[in-house]
Q: 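Take this structure first; my questions come after.
Counting from 1, the numbers follow the sequence of the chain as shown.
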Amino acid sequence: MHTTILRPLSLGGRSLSRPTARKTILSFSRLNSTTSKSSTKEAEAIAETAQRLSWPQYLTIRKSLGRWKLVSTVPSCILGFVGGAAYFSQLDTDPLKPILGIDPFFFYGLCTLGCLGMGYLVGPSIGTSLWRFSHRRILPQIDARDREFFHRIAKRRVDANLQSPTQPIPDYYGERIGSLHEYRQWLRDQAKYRRKALLPEHLD
């Protein structure tokens with residue numbers, strides 16, 4: 001009667017029986033499968049991020065940023081003015097004691113207007129933050145288009161050295177561009193301004 005002896009498998013200097021070796025191979029295969037799935041998901045995410053917005057879509061989204069800023073600025077100004085008026089109106093005021101050489105009522109009025117101005121400055125920042133949060137899924141595409149857009153604006157706008165105090169360059173930063181039609185009109189305005197600045201008005 002022959003006796004069969006199972007020889008242990010060696011892995012990394014250690015002796016493993018066949019069931020242990022099979023478990024090790026299965027764990028390696030599962031690890032490779034999980035790694036391949038994660039790499040596939042990363043590739044899909046990169047491909048999705050690489051997809052660029054069309055220019056009409058980008059300009060429409062960019063134009064909406066101005067509306068978000070305006071909508072946020074109005075309530076910020078109101079809150080700043082109302083908050084400043086409510087605070088300074090409850091302070092004890094002695095008309096006979098000027099503040100920094102200024103009548104107290106006039107001084108508190110200036111401070112209230114300062115609160116209004118603070119709301120005017122903070123409002124656009126709040127609007128921009130809310131706008132970016134609402135478009136958080138496509139922010140990489142928007143940022144990529146922003147870089148390309150500003151590169152085109154800087155390349156095609158009139159040189160700032162040609163600007164005169166009485167005739168500023170129209171929309172130097174392209175802030176009012178919200179469509180392809182407005183972009184073409186901006187190009188025409190830049191070309192017209194450049195011709196007037198470089199060519200004499202009357203040629204002999």
Q: Using 0.5 Å steps for rounding, measure from the OG atom of Ser129 to the NZ atom of Lys69.
A: 10.5 Å

Q: Would the distance check show the side chain of Arg136 and the main-chain N or O of Phe133 forming a donor-acceptor pair, the cut-off being under 3.5 Å?
A: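 Such a contact is found between Arg136 side chain and Phe133 backbone.
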
Q: Minimum heavy-atom separation for Leu116 and Cys77, please, with both atom names.
A: CD1-O, 3.3 Å

Q: Looking only at heavy atoms, what is the nearest atom pair of Arg62 and Ile177, with distance?
A: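 Of all heavy-atom pairs spanning Arg62 and Ile177, the closest is NH1-O, 3.1 Å.
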
Q: Do the side chain of Gln90 and the main chain of Ala85 share a donor and acceptor less than 3.5 angstrom apart?
A: no

Q: Taking NZ, NE, NH1 and NH2 as the nitrogens, is one of them in Arg132 or Asp143 under 4.0 Å from a carboxylate oxygen of the other?
A: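 Asp143 and Arg132: salt-bridged.
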
Q: For atom OH of Tyr120, decide whether the heavy atoms of other residues, nucleotides or ligands shown that lie under 6.0 angstrom number more than 12.
A: no

Q: Evaluate the side-chain contact (heavy atoms from CB on, under 4.5 Å) criterion for residues Lys192 and Arg188: first the C-alpha distance (whole Å), next the side-chain angles of each, then the deciding distance (0.1 Å), finally the verdict.
A: CA-CA 6 Å; Lys192 183 178 180 181; Arg188 288 192 289 268; over 6 Å; no

Q: Taking all atoms of both residues into account, what is the closest heavy-atom pair of Tyr172 and Ile153, and its distance?
A: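 Closest heavy-atom pair between Tyr172 and Ile153: O-CG2, 3.9 Å.
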
Q: As an exercise, state the distance from CE of Met118 to SG of Cys111, rounded to the nearest 0.5 Å.
A: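 If we round to the nearest 0.5 Å, Met118:CE and Cys111:SG are 11.5 Å apart.
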
Q: Is the backbone of Leu53 close enough, under 3.5 Å, to the side chain of Arg145 for a donor and an acceptor to pair up by distance?
A: yes

Q: Could you give the distance from CG (Leu65) to CG (Leu70), rounded to the nearest 0.5 Å?
A: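 Separation between the atoms: 11.5 Å.
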
Q: Please find the pair of heavy atoms, one from Gly119 and one from Ser76, that lie closest to each other, and give the distance.
A: O-CB, 3.2 Å

Q: Can you confirm whether Tyr183 is buried at OH, in the sense that more than 12 heavy atoms of other residues, nucleotides or ligands lie under 6.0 Å from that atom?
A: yes

Q: In terms of heavy-atom contacts, does CZ of Phe150 have more than 12 from other residues, nucleotides or ligands at under 6.0 Å?
A: yes

Q: Where the side chain of Tyr193 meets the backbone of Gln167, is there a donor-acceptor pair that is under 3.5 Å apart?
A: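 Yes: the side chain of Tyr193 pairs with the backbone of Gln167.
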
Q: Under 4.5 Å between any side-chain heavy atoms of Ile142 and Trp131, yes or no?
A: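 A side-chain contact under 4.5 Å exists here.
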
Q: Heavy-atom distance under 4.5 Å between the side chains of Asp171 and Asp189, does that happen here?
A: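 Sidechains of Asp189 and Asp171: no contact.
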
Q: Which heavy atom of Arg156 sits nearest a heavy atom of Leu187, and at what distance?
A: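 Heavy-atom minimum between the residues: CD-CD2, 3.7 Å.
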
Q: Look up atom CZ in Arg194 and atom CG in Leu162, then write down how far apart they are to the nearest 0.5 Å.
A: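 Rounded to the nearest 0.5 Å, the CZ-CG separation comes out at 8.0 Å.
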
Q: According to a 4.5 Å side-chain heavy-atom criterion applied to Ile, Leu, Val, Met, Phe, Trp and Tyr, with indirect links allowed, do Trp68 and Ile126 form part of one hydrophobic cluster?
A: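 In one cluster with Trp68: Ile126, yes.
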
Q: Hey, could you give me the CH2/CG distance between Trp55 and Leu180, rounded to the nearest 0.5 Å?
A: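 One finds 9.0 Å between CH2 of Trp55 and CG of Leu180.
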
Q: Looking only at heavy atoms, what is the nearest atom pair of Ser72 and Gly123, with distance?
A: CB-O, 3.4 Å

Q: Hydrophobic clustering (ILVMFWY, side-chain heavy atoms < 4.5 Å, transitive) - are Phe107 and Tyr87 grouped together?
A: yes

Q: Are Val158 and Tyr173 joined in one hydrophobic group, where the rule is that I, L, V, M, F, W and Y side chains link up if heavy atoms are under 4.5 Å apart?
A: yes

Q: Taking the six-membered ring of Phe149, is the NZ or CZ of Arg152 close enough (under 6.0 Å from the centre) and on axis enough (within 45°)?
A: no

Q: Between Gln190 and Arg157 (side chain of the first, backbone of the second, donor and acceptor by atom type, cut-off under 3.5 Å), is there such a pair?
A: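 It does not hold such a pair.
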
Q: Give the cluster check for Leu91 versus Leu110: same hydrophobic cluster or not, with ILVMFWY residues linked at side-chain heavy-atom distances below 4.5 Å.
A: yes

Q: Check whether any side-chain heavy atom of Val71 sits under 4.5 Å from a side-chain heavy atom of Leu130, and report yes or no.
A: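 When only atoms from C-beta onward are counted, Leu130 and Val71 do not touch, as no gap falls below 4.5 Å.
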
Q: Can you classify the ring geometry of Tyr108 versus Phe88 as parallel (below 30°), tilted (30 to 60°) or perpendicular (above 60°)?
A: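 Parallel, since the angle between the ring planes stays under 30°.
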
Q: We want to know whether Gln57 and Thr60 form a side-chain donor-acceptor pair, criterion being a heavy-atom distance below 3.5 angstrom.
A: no

